[in-house]
Protein chains: 2
Amino acid sequence: MENKPRSEDRRVRRTKKLLAQALTSLMGQKQLKDITVKELTEKADMNRGTFYLYYRDIFQMLESIEDELLSSLNLILDEKLGETPPNERMLIELFEFIRMNQQIMDVLLSSRGDICFLHKLNRLIREKCISIWGITSEREGEFDYNYYFVAFGCMGLVKAWINKGCVDSSERLAKRVNGILEGQLIKRTAT
Amino acid sequence: MENKPRSEDRRVRRTKKLLAQALTSLMGQKQLKDITVKELTEKADMNRGTFYLYYRDIFQMLESIEDELLSSLNLILDEKLGETPPNERMLIELFEFIRMNQQIMDVLLSSRGDICFLHKLNRLIREKCISIWGITSEREGEFDYNYYFVAFGCMGLVKAWINKGCVDSSERLAKRVNGILEGQLIKRTAT
DNA sequence: CGTTACAGTCAACACCGTGTTCAATAATCC
DNA sequence: GGATTATTGAACACGGTGTTGACTGTAACG
């Protein structure tokens with residue numbers, strides 16, 4: 001995050017930042033559909049017309065926030081993808097990123113969040129899995145079930161982590177994921 | 001599904017059914033936020049005021065459809081919960097239910113769907129897992145990560161299944177889930 | 001420092017979906 | 001068949017939307 005091109009006018013940066021803060025705050029209180037441009041700009045203490053200078057509506061605004069978040073995550077993961085073995089370092093990096101953006105991630109994954117973000121995140125994780133395990137495209141279909149299971153599973157695990165306030169360390173979480181991938185799931189740990 | 005109490009007037013059943021069909025159809029075309037009561041009732045070919053006789057707004061209508069769906073799923077699963085071993089039969093039952101409600105499930109889990117439904121489904125699956133594996137409440141927190149991983153993972157798997165049009169049999173899918181729970185995840189199957 | 005460019009403000013506007021009402025009409029139930 | 005209840009159609013005020021134009025103030029740049 002905080003990767004805005006410095007070419008933007010300082011006033012523009014300020015405006016967008018205030019809007020994003022107001023939105024994150026409001027989303028903690030009510031559903032997205034109940035948030036109006038009117039109250040958003042009132043909370044951000046600016047003119048309603050200013051909003052329309054940058055966004056079409058509230059949903060499109062959230063979408064652009066999501067895409068920004070995911071593209072910076074993508075950058076970070078790709079940096080660590082070259083290393084060997086990639087899994088451990090990459091997972092730690094992933095969890096650290098989430099911890100850094102805890103507030104907005106919490107909102108986006110909550111029941112007040114956005115299912116589009118969930119699907120975009122799912123796709124990103126799946127792509128990384130395919131990169132790491134190097135399945136060729138013609139065999140891809142065969143493993144779709146596993147990739148979907150793992151990608152959604154990871155998101156669930158992150159959700160559980162955030163619910164607890166991210167108290168466990170990223171290292172510990174990464175170890176746990178590796179453990180799960182190596183076959184230490186419920187039945188084994190529960191006995 | 002199709003569990004409406006027969007005490008309702010035939011006209012009421014007809015109205016609700018038409019509205020539900022119109023909504024499912026529209027949700028396949030556009031986001032929920034862009035669907036108005038006006039166009040919904042026009043599609044269902046009825047007076048706009050009739051909608052308000054039964055629902056507050058579009059979102060509340062979807063919510064009641066979801067809850068109905070989940071409560072009938074819950075009933076079915078509980079019936080099979082007493083059997084031993086419960087896993088296999090229960091999973092098959094789950095997948096059959098999804099296949100029967102393929103259209104609405106597809107919409108609800110898609111990127112045009114509803115994240116609330118996803119969370120409600122997640123909670124339902126987690127509850128069943130806890131029932132089956134019988135973890136006492138004080139140890140529950142310890143296994144939260146695993147339950148979330150499995151519950152979300154199953155939803156991802158279902159999503160992948162629906163994406164393929166539910167061509168694989170419920171039996172095969174149930175076997176695959178059991179396989180995953182027993183530790184046959186990516187690393188093993190990919191080599 | 002001063003000029004130019006442009007971001008933000010304020011008020012006003014038509015537009016449209018909302019949610020509710022009422023009397024009239026139609027369908028269902030028993 | 002008669003009582004009951006669901007649905008219709010029209011009308012209404014309300015409020016958020018998206019856009020406009022003239023203005024005011026701040027930032028960027030030489």
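To find a chain, count down the sequence lines: A is the first, B the second, and so on, and within it residues start at 1.
- Between B:L121 and B:E66 there is no side-chain heavy-atom pair separated by less than 4.5 Å.
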Should B:E39 and B:K30 be marked as a salt bridge (Lys or Arg N to Asp or Glu O under 4.0 Å) after you check the CA-CA gap, both sets of side-chain angles, and the distance that decides it? CA-CA 12 Å; B:E39 72 176 322; B:K30 50 164 72 179; 3.2 Å; yes

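- The nearest whole Å value for the distance from the NZ atom in B:K17 to the P atom in D:dA6 is 19 Å.
- Of the candidate nucleotides D:dA6, C:dA7, D:dT8, D:dT8 has the atom nearest to the side chain of B:T50.
- Between the side chain of A:N47 and the base of C:dG8, no donor-acceptor pair under 3.5 Å is found.
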Show the numbers, then the answer: is there a salt bridge (Lys or Arg N to Asp or Glu O under 4.0 Å) between B:R126 and B:D144? CA-CA 9 Å; B:R126 257 169 44 233; B:D144 254 12; 5.3 Å; no

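- Rounded to whole angstrom, the span from the CE atom of B:M46 across to the C1' atom of D:dT8 amounts to 11 Å.
- Atom pair A:K33:NZ and D:dT17:C1' shows a separation of 18 Å (rounding to whole Å applied).
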Classify every nucleotide of nucleotides 12-26 of chain C by which part a protein heavy atom approaches to under 4.0 Å, writing B for the base, S for the sugar-phosphate alone and - for neither, in 5'-to-3' order. B----SBBB-----B

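- For A:Q60 and D:dT17, the CD to C1' distance is 15 Å, given to the nearest whole Å.
- Atom CG of A:D9 is separated from atom C1' of D:dT26 by 8 Å (rounded to the nearest Å).
- Rounding to whole angstrom units, CZ of residue A:R13 and P of D:dT26 are separated by 17 Å.
- For the pair A:L40 CG and D:dG18 C1', the interatomic distance rounds to 15 Å; values are reported in whole Å.
- Backbone-only contact: A:Y54 has heavy atoms under 4.0 Å from sugar-phosphate atoms and none from a base.
- A:D168 and B:Y145 share a donor-acceptor pair across their side chains, judged by distance under 3.5 Å alone.
- When side chains are defined from C-beta on, A:F59 does not count as touching A:D114, because their heavy atoms never get closer than 4.5 Å.
- B:L53 places its CG atom 17 Å from the P atom of C:dA27, with the value rounded to the nearest Å.
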Set out, in order, the CA-CA distance, both residues' side-chain angles and the distance that settles salt bridge (Lys or Arg N to Asp or Glu O under 4.0 Å) for A:E93 and A:R89, then state yes or no. CA-CA 6 Å; A:E93 212 68 43; A:R89 281 284 287 141; 3.6 Å; yes

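- Between its opening and closing five pairs, the helix from C:dT9-D:dA22 to C:dC30-D:dG1 changes axis direction by 30°, a value rounded to 10 degrees.
- Taking a 6.0 Å sphere around NZ of B:K33, one finds it holds more than 12 heavy atoms contributed by other residues, nucleotides or ligands.
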Taking it one step at a time, do B:N163 and A:Y148 satisfy side chain to side chain donor-acceptor pair (under 3.5 Å)? CA-CA 11 Å; B:N163 283 352; A:Y148 266 90; 3.2 Å; yes

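- A donor-acceptor contact under 3.5 angstrom links the side chains of B:N74 and B:K128, judged on distance only.
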